Every structure is written in C-alpha cells, then in structure tokens.
A.B. asks: 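Once you've had a glance at the structure underneath, I'll fire off some questions.
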Amino acid sequence: MSADFDATQPRWNEPEPVKGLRQRIKDGDVIFGPFMKLASPQVVEIAGYAGFDFVIFDTEHGPLTFETVENLTRAAERVGIAAIVRVYENSPPLVSRCLDVGAQGILVPHISSREEAATLSQAARFAPEGRRGVCCYVRAARFSHADKYRYFEEANENTLVVAMVEGREGVAHLDEILSVPGIDVIFVGPYDLSQSLGVPGQVDSPRVTREVERVVEEARSRGCAVGTFADDVSSARRWRDLGVQFISFSVDVGMIYTAMKNAVAALRA
C-alpha cells in the first residue's frame, strides 16, 4: 500500500443524490414518469435518457422485490431520474424499507381517511415531522457514510409523499385527508375510481372527469398537488390542462408492447 494512502478519504467520486422532485411540485412544475414492472436497470436508464422526470417501481401490481428495487434505484440515480416506489399497502415498515434503499418518493394505495393519511405521513418522515424508523446503516444513508443529522434533515426535506385516493370513499373524505400535514400529492387512481363510480375502465367518462376536476380544485385550494395516471399522450395533456401536476404516464411493459406491435403492423402492411 502506498505510504501516502489516506484511509479517511474516499477513493471514488460519489454521485450526487437525485434531488428536487418535491421542490418542483411545490414550484408548480408538471412532471411525468412511467410505472415500472420489469426488473430491468436498462429500462430505467432508458427512461432517464428519454427525459422522464421519475419512474415508479410497482410492487403492488408487479413482481418486484425490495432487493430488486434497490438495484433499480441505483440505475435511476445513474441517469438523474427520481425513483418512487408504489407499495402494496399502507404499512409503516413497507414505507420505511422503500425509503431506506434510496427511493426519493413513496406512493401508497387506497388512502380513504384522515387516519390512513396520517399513518402514511408519519411513516415517511423522521421526527419531529414523523415517526419513521431510524437506521443509519442503510443505503439511503450511504451505509453510515453520510452525516446522520444531515441525512435525517435532507430525507425529511426531499422525500415526496403521494397518497392514492382510488374510490368514492376517499373522495368523500378528501377534506379530512388534506388536513394531514406532510402529504405532498393526492393521486387519483382513474381506473379504481371508474370502478367505484359504476363505469369500470371508462376513465374518459364524464363521471370520472368530474370527480377528478373536483379533487384538483379542492386540493389546489388547500395547497396540495394532484396526480393521476394516463394511458396515452392525449389523456396526459387533458389531465395537465385540468391542473394535474404529477402524471404517471403509461407502463414500461405497455410502451414496449405498443412499440413492437406498431413495428410488426408496419412490417406486415
């Protein structure tokens, strides 16, 4: 070993953490990103190179594991795109594990009451803002390399908390949900909402659009952003024009399928 080797200094260039998504929401930006079901770092990198703002790793309707999510988060950081994880239930341990592996945001389904929103908000932030489980020996804290006090502060400042309101019950209790501090985005699930309104799958139905418009108006009047899902560009533009800021655009497998199907159709024409 070289005599001038200093073990206290890192021998690598640490990548800058992806920051700013929560602040961009506060600033009124409209941001876009796909859901991800494939355990493919390459697809995550492609999404970053393509110019998306974030990706959502789907552990509710996909096969992804925590170990896989950790590696996909590394890929997201590599290309400067924010990693968000959709968990399958409103569970503090699940929320904590996703944030511990380095996710910048958390997306939690089926929030229908003030109590459920409070559980989410508290699980996603450290004291004094919440009760997130404390551990400095996790990837988000660089396995204890990061200054722990700075880590707690930056985690609270940068973590994006998205509550999914997916049915009539959640919409009916929207005022209570919005009263909970720490919820950054109310995400209206159009497919689940359409089902609860008796028109399953008809996300373009006036009944669904009216409910989304009402959520947007009420949430924005309370200083909270709104998100939703769009299958195609025209739908995304419509939601954007209604005031939706956080738009999850399509799904990795769907985009790959559509590109292949269109290519085959063109080849056989």
Side-chain angles (χ1 to χ4, degrees), residues 21-22 24-25 27-38 43-44 46-62 64 76 81-87 104-111 160-168 170-171 174 183-197 199-220 224-262:
L21 200 66
R22 189 181 186 216
R24 289 183 64 188
I25 287 287
D27 291 342
D29 291 354
V30 179
I31 57 177
F32 302 88
F35 277 101
M36 294 281 177
K37 297 183 185 295
L38 296 174
V43 175
V44 174
I46 290 168
Y49 290 131
F52 281 114
D53 301 294
F54 61 87
V55 286
I56 304 172
F57 303 133
D58 192 352
T59 69
E60 182 185 13
H61 295 298
L64 301 179
I81 189 171
I84 299 171
V85 183
R86 172 160 76 171
V87 294
Q104 186 183 344
I106 194 77
L107 184 72
V108 178
H110 307 298
I111 301 298
L160 185 73
V161 180
V162 185
M164 299 185 75
V165 175
E166 302 184 271
R168 286 187 296 180
V171 173
L174 183 61
I183 301 296
D184 300 304
V185 179
I186 296 293
F187 187 102
V188 186
Y191 278 96
D192 283 301
L193 181 60
S194 71
Q195 176 170 264
S196 73
L197 293 172
V199 287
Q202 298 179 39
V203 295
D204 295 326
S205 165
R207 297 179 65 182
V208 176
T209 302
R210 281 195 300 269
E211 288 299 300
V212 176
E213 288 176 340
R214 188 165 73 84
V215 171
V216 171
E217 182 178 358
E218 185 170 352
R220 293 184 70 183
C224 185
V226 176
T228 195
F229 173 78
D231 285 304
D232 52 54
V233 172
S234 62
S235 296
R237 287 174 173 167
R238 184 176 72 253
W239 297 132
R240 178 199 62 192
D241 293 343
L242 284 174
V244 175
Q245 286 182 250
F246 180 96
I247 299 175
S248 63
F249 178 77
S250 195
V251 183
D252 55 358
V253 292
M255 286 191 277
I256 292 170
Y257 168 75
T258 298
M260 288 187 176
K261 181 181 178 181
N262 291 343

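Here the structure is a predicted model, which is why all the values come from computation and not from measurement.
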A.B. asks: Are Arg240 and Ile247 packed together at the side-chain level, in the sense that at least one heavy-atom pair is separated by less than 4.5 angstrom?
C.D. replies: yes
A.B. asks: How are the rings of Tyr191 and Phe229 set to each other: parallel, tilted or perpendicular (split at 30° and 60°)?
C.D. replies: tilted
A.B. asks: Check step by step if side chain to side chain contact (heavy atoms under 4.5 Å, CB included) holds for Val215 and Val165.
C.D. replies: CA-CA 10 Å; Val215 171; Val165 175; 5.8 Å; no
A.B. asks: Looking only at atom types and distance, does a side-chain atom of Thr228 sit under 3.5 Å from a main-chain N or O of Val188, one as donor and one as acceptor?
C.D. replies: yes
A.B. asks: With a 3.5 Å distance limit and no angle check, can you tell me whether Arg207 reaches the backbone of Leu197 through a side-chain donor-acceptor pair?
C.D. replies: yes
A.B. asks: Looking only at atom types and distance, does a side-chain atom of Ser196 sit under 3.5 Å from a main-chain N or O of Leu193, one as donor and one as acceptor?
C.D. replies: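 Yes; at least one donor-acceptor contact below 3.5 Å.
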A.B. asks: I'd like to know if the side chain of Asp184 reaches the main chain of Val161, judged simply by a donor and an acceptor atom lying under 3.5 Å from each other, with no hydrogens or angles considered.
C.D. replies: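 Yes, because the side chain of Asp184 sits within donor-acceptor range (under 3.5 Å) of the backbone of Val161.
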A.B. asks: Side-chain contact test, heavy atoms from C-beta onward, threshold under 4.5 Å: evaluate it for Trp239 versus Val216 and give yes or no.
C.D. replies: no
A.B. asks: Mind listing the closest non-hydrogen atom pair of Phe187 and Ser248 along with its distance?
C.D. replies: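 Closest pair (atom of Phe187, atom of Ser248, distance): CZ-OG, 3.4 Å.
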A.B. asks: Can you name the closest pair of heavy atoms from Val226 and Val244 and give their distance?
C.D. replies: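 Smallest heavy-atom distance, with atoms named: O-CG1, 3.3 Å.
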A.B. asks: Indicate the atoms forming the closest heavy-atom contact of Val185 with Gly227, along with that distance.
C.D. replies: CG1-N, 3.5 Å
A.B. asks: What heavy-atom pair brings Ala76 and Val55 nearest, and what distance separates the two atoms?
C.D. replies: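 Closest heavy-atom pair between Ala76 and Val55: CB-CG2, 4.5 Å.
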A.B. asks: State, with a plain yes or no, whether a side-chain heavy atom of Asp53 is found less than 4.5 Å away from one of Asp29.
C.D. replies: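 In short, these two side chains do not touch, never coming nearer than 4.5 Å.
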A.B. asks: Does the distance from a Lys or Arg side-chain N to an Asp or Glu carboxylate O, for Glu217 and Arg214, drop under 4.0 Å?
C.D. replies: no
A.B. asks: Donor-acceptor pair, distance only, cut-off 3.5 Å: does the side chain of Lys37 make one with the backbone of Asp58?
C.D. replies: no
A.B. asks: Keeping the roles fixed (side chain from Gln104, backbone from Ala83), state whether a donor-acceptor pair exists under 3.5 Å.
C.D. replies: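 Here the side-chain-to-backbone pair does not exist.
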A.B. asks: Check whether any side-chain heavy atom of Val162 sits under 4.5 Å from a side-chain heavy atom of Ile56, and report yes or no.
C.D. replies: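 With C-beta onward as the side chain, the pair stays apart.
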A.B. asks: Is it true that, when you exclude Tyr49 itself, more than 12 heavy atoms of the residues, nucleotides or ligands shown sit nearer than 6.0 Å to its OH?
C.D. replies: yes
A.B. asks: In the structure I gave you, are the side-chain heavy atoms of Thr209 and Leu242 within less than 4.5 Å of one another anywhere?
C.D. replies: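 Yes, close enough: below the 4.5 Å cut-off.
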A.B. asks: Could you check whether atom CZ of Arg238 has more than 12 heavy atoms from other residues, nucleotides or ligands sitting under 6.0 Å from it?
C.D. replies: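 Yes, the 6.0 Å shell around CZ holds more than 12 heavy atoms from other groups.
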A.B. asks: Is a donor on one side and an acceptor on the other found under 3.5 Å between the side chain of Glu60 and the backbone of Arg86?
C.D. replies: no
